[in-house]
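Shown next, in structure tokens, is the structure this report addresses.
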Amino acid sequence: MTKLPKSFYQRQDVVKIALELIGKVLVTNVNETLTSGVIMETEAYSDRERGCHAYKGMTARNKVMFGEGGIAYVYLCYGIHRMMNVVTNKKGKADAVLIRALKPLVGIDRMIERARANSIARLTSGPGKLTKALGIGRELNGQSLKGSDIWIQDEGINVTKHQIVSSPRIGIDYAGEDALLPWRFSFKDSEWVSR
DNA sequence: TACGTGATCACG
DNA sequence: GTGATCACGTAA
């Protein structure tokens, strides 16, 4: 029930944080509706590599990434999908973790309604799908993860390191050789991860 | 494999 | 202003 403390997010190693977020619970409280899911897949982004939105410096879109660790970075992708990221590191260091997949936990009926899905299967198995199911919109961009609308808590499943697999990140061919970094983490053999 | 969809960014 | 681009999802 306890929200992760700022100290969790403000550490320097974004790759380690992405790994540790597997098994934690992402919760939203939007329109007086509580919905949540266990984080099953993440990706780390660091302002020192080409895959990151902040690689070339601050812009109107990515400026919340330069804030202190522990806030949400939500942006629109391909004109359709909203992407939910957790900003990490200290103020001025623009690192973030993309949340890519969840195992639905609380408010499943409401999540199915929001996503106009037929069932729980693959309801939150992708970064654009989970934001729809949890009601995450751009109004949450820049919001603190210690606030009352969106947060992460430490009551998912117990995860050991050998249950997590790492692989290259998805959809960032433009990053050249940085696209090969094994900075995507997912729960091994899970039906809840993206394809 | 193809493409919808609209904000964003680098131009100048 | 304008045009290329894009951390996806679906359908075929």
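Chain letters run A, B, ... following the sequence lines, proteins first, then strands; residues in each count from 1.
Side-chain atoms of A:I99 and A:L130, non-hydrogen and from C-beta on, do get closer than 4.5 Å to each other.
Side-chain contact of A:S7 with A:Q10: a donor-acceptor pair under 3.5 Å is absent, judged by distance alone.
Between A:Y45 and the options A:E49, A:E43, A:R48, a side chain to side chain donor-acceptor pair (under 3.5 Å) holds for only A:E43.
For the pair A:E41 and A:R100, the salt-bridge criterion is met [side-chain N within less than 4.0 Å of a carboxylate O]. Between A:E20 and A:R11, at least one side-chain nitrogen of the basic residue sits less than 4.0 Å from a carboxylate oxygen of the acidic one, meeting the salt-bridge criterion. Under the 4.0 Å criterion applied to side-chain N and carboxylate O atoms, A:K6 and A:E68 are assigned as salt-bridge partners.
Base pairing in DNA chain C gives the following stems of 3 or more Watson-Crick or G-U pairs, range against range and under 3.5 Å: B:1-4 with C:8-11, B:6-11 with C:1-6.
A:R82 has its CZ atom 13 Å from the P atom of B:dT8, to the nearest Å. For the pair A:N62 CG and B:dA7 P, the interatomic distance rounds to 18 Å; values are reported in whole Å. Atom CZ in A:R61 sits roughly 10 Å away from atom C1' in C:dT5 (whole-Å rounding). Rounded to whole angstrom, the span from the CD atom of A:E43 across to the C1' atom of C:dC8 amounts to 12 Å. C:dC8 atom C1' lies 12 Å from atom OH of A:Y174, rounded to whole Å. Taking atom CG of residue A:N85 and atom P of nucleotide C:dC8, one finds them 11 Å apart after rounding to whole Å. One atom, CG of A:N118, and another, C1' of C:dG9, lie 15 Å apart when rounded to the nearest Å. To the nearest angstrom, C1' of C:dT10 lies 9 Å from CZ of A:R195.
Under 4.0 angstrom from either OP1 or OP2 of C:dA7 there lies at least one side-chain N or O belonging to A:H53. For the OP1/OP2 pair of B:dT8 and a distance below 4.0 Å, the side-chain nitrogens and oxygens of A:T59 include no atom meeting the criterion. Contact between the side-chain N/O atoms of A:R100 and the OP1/OP2 oxygens of C:dC8 is found at a separation under 4.0 Å. Here A:K132 does not reach the OP1 or OP2 of C:dC8: none of its side-chain N or O atoms lies under 4.0 Å away.
The number of heavy atoms from other shown groups lying within 6.0 Å of CZ (A:R122) does not exceed 12. Within 6.0 Å of atom CD in A:Q12, 12 or fewer heavy atoms from other residues, nucleotides or ligands are found, so the atom counts as exposed in its surroundings.
Listed nucleotides B:dA7, C:dG9, C:dA7 differ in distance to A:L76; the shortest reach to its side chain belongs to B:dA7. Among the nucleotides B:dA7, B:dC9, B:dT5, the one closest to any side-chain atom of A:I80 is B:dT5. Closest to the side chain of A:M65, out of B:dT5, C:dA7, C:dC8, is C:dA7.
Look at A:Y78 and the base of C:dG9; the rings do not stack under the cut-offs of 5.5 Å between centres and 30° between planes.
At the heavy-atom level, A:R138 lies under 4.0 Å from the strands shown only through sugar-phosphate atoms. Counting any heavy atom pair closer than 4.0 Å across all strands shown, A:G128 reaches sugar-phosphate atoms only and no base atom. Using a 4.0 Å heavy-atom distance criterion, A:R169 is classed as making no nucleic acid contact. Among the heavy atoms of the strands, none lies under 4.0 Å from A:A175.
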